[in-house]
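Below you'll find the structure, written out as structure tokens, and then a few comments.
For the numbers below, each heavy atom of this structure counts, side chains included, while hydrogens, waters and symmetry mates do not.
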Protein chains: 2
Amino acid sequence: MCKASTTEEKIKEAAKSVFLSKGFSGCTSREIAKEAGMNVALVNYYFRSKNQLFLIIYQTVMHDFMLSMMEVFSTELSLKEKVSLLIDREYEFLTKHPEIPTFVLNEMARNKDAELQIHETLNNFAQTGVFVEAAKAQMSGEMRQVDMVSLTMIIMANCQHPFMARLLTQQLHGMTDAQYDMQIIKHKEIIKEMILNYLFPKKSTNE
Amino acid sequence: MCKASTTEEKIKEAAKSVFLSKGFSGCTSREIAKEAGMNVALVNYYFRSKNQLFLIIYQTVMHDFMLSMMEVFSTELSLKEKVSLLIDREYEFLTKHPEIPTFVLNEMARNKDAELQIHETLNNFAQTGVFVEAAKAQMSGEMRQVDMVSLTMIIMANCQHPFMARLLTQQLHGMTDAQYDMQIIKHKEIIKEMILNYLFPKKSTNE
DNA sequence: AAAGATTTTAAACGCTTGTTTAAAACAAAT
DNA sequence: ATTTGTTTTAAACAAGCGTTTAAAATCTTT
């Protein structure tokens, strides 16, 4: 897909591709080496072990994933515009990287009590001040009184799930790949209207 | 969790538990045997191979999963009531079996061109006549003009994703297990209102 | 109680896994 | 050209994998 100049980057690229599509338990070191076009030993020469290589890939993927959700919050838009833009950005990101949500959730489940935490990214999330902004919007009546957890869940669910459940939905409705790609584009507008209508309801002529 | 009378049922129970929590690639035959409290050879004596055992488990899980989505459609309720009841039933089912959506989607992805299809269940889905019913409701203006695929996607996303993304969401908001359980209960009502408001909008005094 | 059929086990099979070793190929420097 | 250090490889390691074998244990039937 890309250039992959140095050997180290070649390995990282191959590992990312293989880990994303098969997960940690679903692939072997030799498979990654083959994808990178080299010997198994060379992979371990650069990254010591399969697990160490995985941790590096996981961190960069997780970072990209969280960043795609957060960068909108740093803009100067109204809250409603922010939500709208966030949905656009999420669909844009997930169209390019549809395996990421499944990958992240699976590996978090596989490695519960271990090193796959998200402390840094979590702090960045709080620092955007979007929670304070939302609380204000709710006080002023601009936005419906929905707690921040459910707000997060609504947006994540309606953005991520269509990409995660692609195979099932395609089989269920007998759709081709091209048809589903089109559906995604249409679906984005539908859920955007649904969510915005819910969060920012049109006042019905009182006051 | 249950009685598990015969040896065959003991194996099935153990296999279901292990497969659901770790997936096919994430567990070993010996792990299943140990969970069932017996030798590895005995598992293969009853089920020939790990893959054969998996296929049996997958089929029953898939059946339960699809059934939970479909049984509502056989009732005599209005379409709006059906959607409402469907959401209730889905949350009820997923509270009891939260790993099933992730399991099904993962194994479908692992075994793309193979025997994990859903032909039977798919036919049952069409036979409920819910698609015809929805088309009628749209013609009469009772329901908003949303294609059936997006309707499916909206309901599945808002029901399944909160259970699939539990670990991530809990970490993101620093919630305990008990707090998240409460959140789920609250969230069900929120997405129910959001979805019903969208699908069956209140007419604004015209006609 | 003995015979036969069924269920369960311990042990091994060949193969693949993640990882390491030691030698080869290559590059840089003297 | 030889030495030095780095990169790459082929080959091996023990451990674990799915699966099979053959014998032990248990149950059925007589």
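Looking only at distances, no side-chain donor or acceptor of B/Arg166 sits under 3.5 Å from a matching main-chain atom of B/Pro98. Looking only at distances, a side-chain donor or acceptor of A/Lys50 sits under 3.5 Å from a matching main-chain atom of A/Phe24.
Put simply, CZ on A/Phe54 is 16 Å from C1' on C/dG18, counting in whole angstrom units. Atom CG of A/Leu42 and atom C1' of C/dA24 are 14 Å apart (whole Å). Computed from coordinates, the A/Arg30 CZ to C/dC15 P distance equals 15 Å when rounded to whole Å. Computed from coordinates, the B/Tyr45 OH to C/dT9 C1' distance equals 13 Å when rounded to whole Å. Regarding A/Met38, its CE atom lies at a distance of 12 Å from the C1' atom of D/dT9, rounded to whole Å. Atom NZ of B/Lys50 and atom P of D/dT20 are 15 Å apart (whole Å). Per the geometry, CD1 belonging to A/Ile32 stands 8 Å off P belonging to C/dG18, to the nearest Å. Atom-to-atom, CG of A/Asn39 to P of D/dA12 comes out at 14 Å; the value is rounded to the nearest Å.
To the nearest 0.5 angstrom, B/Ile87 atom CD1 is 9.0 Å from B/Lys188 atom NZ.
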Would you sort out whether A/Ser68 and A/Glu90 count as a side chain to side chain donor-acceptor pair (under 3.5 Å), showing the intermediate values?
CA-CA 6 Å; A/Ser68 82; A/Glu90 275 289 274; 3.0 Å; yes

Determine whether A/Glu107 and A/Lys112 satisfy the following criterion, salt bridge (Lys or Arg N to Asp or Glu O under 4.0 Å), listing intermediate values before the conclusion.
CA-CA 8 Å; A/Glu107 299 305 336; A/Lys112 281 200 189 62; over 6 Å; no

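For B/Ser29, a side-chain nitrogen or oxygen approaches OP1 or OP2 of D/dG18 to under 4.0 Å. A close approach under 4.0 Å does occur between a side-chain nitrogen or oxygen of A/Thr7 and OP1 or OP2 of D/dT8. Phosphate proximity of D/dG16 to B/Thr28: absent, as no side-chain N or O sits under 4.0 Å from OP1 or OP2. Distances shorter than 4.0 Å separate none of the side-chain N or O atoms of B/Asn44 from OP1 or OP2 on D/dG18.
Residue B/Lys82 qualifies as enclosed at atom NZ: its count of foreign heavy atoms under 6.0 Å is above 12. For CE of A/Met182, the number of neighbouring non-hydrogen atoms (other residues, nucleotides, ligands) closer than 6.0 Å is 12 at most.
Contacts with DNA chain C (heavy atom under 4.0 Å) in residues 18-26 of chain A: none are found.
Contacts of B/Tyr46 with the nucleic acid, taken as non-hydrogen atoms under 4.0 Å apart, involve only primed sugar atoms and P, OP1 or OP2.
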